[in-house]
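In what follows, a structure is listed as structure tokens, so that the remarks can point back to it.
Each residue takes its place number in the sequence, starting with 1. Just the heavy atoms: all of them, side chains too, but no hydrogens, waters or symmetry mates, feed the values below.
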Amino acid sequence: MRKLHKNLRWDGAKITAASFTCANCGNHINSDYGMALLTVDDGLSNKSWYANRDEIGENDVPIGVFICTSCGFPTFLGFDESMQIVQIPKNSYGSEVSGVTESVNEIYNEARRSFGAEAYTGVVELCRSLLNHVAVDLGAEKGQRFIDYVNYLNDNHFISVKSRAWVDKIRKLGNEANHDLTVFKKKDAELCLKFVEMILKSNYEYPSFLDEDE
């Protein structure tokens, strides 16, 4: 995890606190320090919002740039044109996985960060590569097609029985990527990442807990 240099300080102000997950360090924090965002549109619940509460008044909608209390890096929270709250940068999708090699961990976390950047096609491609690698690591032969690796994981029970309904959807994503120039959507990226997370946790993280006890 990166942290702001110890000799650097933000010239911010105390503002209405916001709770969010920091995209940099991954911690869920509550921050009341940063730079508030001024609102002047009647469509918002409050007409004014500024750091100087004594002059302007306090806004109950925490929007602006918030400084993480853990790592010191900034996060923007505000409304887009459709009045939906947005976070920039977004936090990584999914959860950390232990018990895997450094290279697997790097690719997995790169896919998670790509999701936060809304690079959904990149997420699917990274997950495909990672599943190929995992299948070979778990005994499959090298040089096969993606669908063969998914079948290998399924046929050799590396995928739990109740999760096999996912297999057909993952196969379809692999087939689309092989035959077409496909732009994948958010739901495709979510499916792939959760599938990879499940494979890594059930075949690497959970068995590693037993190894630690021996």
Side-chain angles (χ1 to χ4, degrees), residues 1-41 43-46 49-51 59-98 100 102-131 173 182-198 200-201 205:
M1 178 191 72
R2 296 171 297 179
K3 287 191 174 184
L4 194 68
H5 192 280
K6 62 180 181 180
N7 292 336
L8 296 177
R9 295 290 185 274
W10 290 98
D11 184 16
K14 190 175 178 65
I15 58 179
T16 301
S19 296
F20 59 93
T21 300
C22 176
N24 178 60
C25 67
N27 291 319
H28 188 77
I29 58 100
N30 188 68
S31 174
D32 63 354
Y33 185 79
M35 181 175 67
L37 186 64
L38 177 67
T39 64
V40 293
D41 192 314
L44 297 179
S45 60
N46 292 273
W49 164 253
Y50 198 69
N59 189 323
D60 62 1
V61 180
I63 53 176
V65 177
F66 296 85
I67 306 305
C68 179
T69 55
S70 178
C71 67
F73 278 88
T75 295
F76 170 78
L77 297 175
F79 294 102
D80 63 14
E81 65 276 7
S82 62
M83 294 300 297
Q84 297 296 312
I85 192 74
V86 295
Q87 175 180 329
I88 301 173
K90 293 182 179 180
N91 54 294
S92 300
Y93 185 80
S95 59
E96 294 280 350
V97 174
S98 62
V100 297
E102 183 177 349
S103 59
V104 167
N105 192 53
E106 286 182 2
I107 295 175
Y108 172 64
N109 284 323
E110 183 177 339
R112 294 176 63 220
R113 291 192 299 271
S114 295
F115 188 95
E118 300 183 8
Y120 302 130
T121 299
V123 171
V124 174
E125 294 299 332
L126 285 167
C127 288
R128 279 166 44 85
S129 297
L130 194 52
L131 285 171
L173 290 180
T182 305
V183 177
F184 289 101
K185 300 184 183 298
K186 180 180 179 179
K187 63 179 182 179
D188 302 320
E190 286 178 331
L191 178 68
C192 278
L193 264 176
K194 295 305 291 184
F195 185 76
V196 167
E197 181 182 327
M198 175 187 67
L200 295 180
K201 283 185 174 293
E205 180 173 286

Do [X] and [Y] have side chains that get closer than 4.5 Å, going by heavy atoms?
X: L193; Y: F115; answer: yes
X: V104; Y: L130; answer: yes
X: S70; Y: C22; answer: no
X: I67; Y: F73; answer: no
X: V100; Y: Y108; answer: no
X: S95; Y: K201; answer: yes
X: S31; Y: C68; answer: no

For a quick test of reading the model, state the closest non-hydrogen atom pair linking G78 to I63 and the distance between them.
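Taking G78 first and I63 second, the nearest heavy atoms are CA-CG2, 3.8 Å.
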
Taking all non-hydrogen atoms of both residues, which atom of P62 and which atom of L77 are closest, and how far apart?
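Result for this residue pair: O-CB, 4.2 Å.
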
Under the salt bridge (Lys or Arg N to Asp or Glu O under 4.0 Å) test, residues paired with E190 that sit two or more places apart:
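Checked E190 against salt bridge (Lys or Arg N to Asp or Glu O under 4.0 Å); zero matches.
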
Partner set under salt bridge (Lys or Arg N to Asp or Glu O under 4.0 Å) for K186, not counting sequence neighbours:
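Checked K186 against salt bridge (Lys or Arg N to Asp or Glu O under 4.0 Å); zero matches.
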
Using the test side-chain contact (heavy atoms from CB on, under 4.5 Å), find all partners of E96 that sit at least two apart in sequence or belong to another chain.
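Listed in chain order: N105, N109, R112.
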
Exactly one of I29, N91, I85, N30 should register a side-chain contact (heavy atoms from CB on, under 4.5 Å) with F20. Which one does?
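Output: one option passes, namely I29.
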
Hey, would you say the F66 and Y33 ring centroids sit under 6.0 Å apart?
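Ring-ring flag for F66/Y33: false, centres at least 6.0 Å apart.
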
With a 3.5 Å cut-off and no angle check, do the side chains of T75 and Q87 form a donor-acceptor pair?
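Looking only at side-chain atoms, Q87 and T75 do not form any donor-acceptor pair under 3.5 Å.
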
Are the charged groups of K194 and E197 less than 4.0 angstrom apart, N to O?
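Answer for the salt bridge query: yes.
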
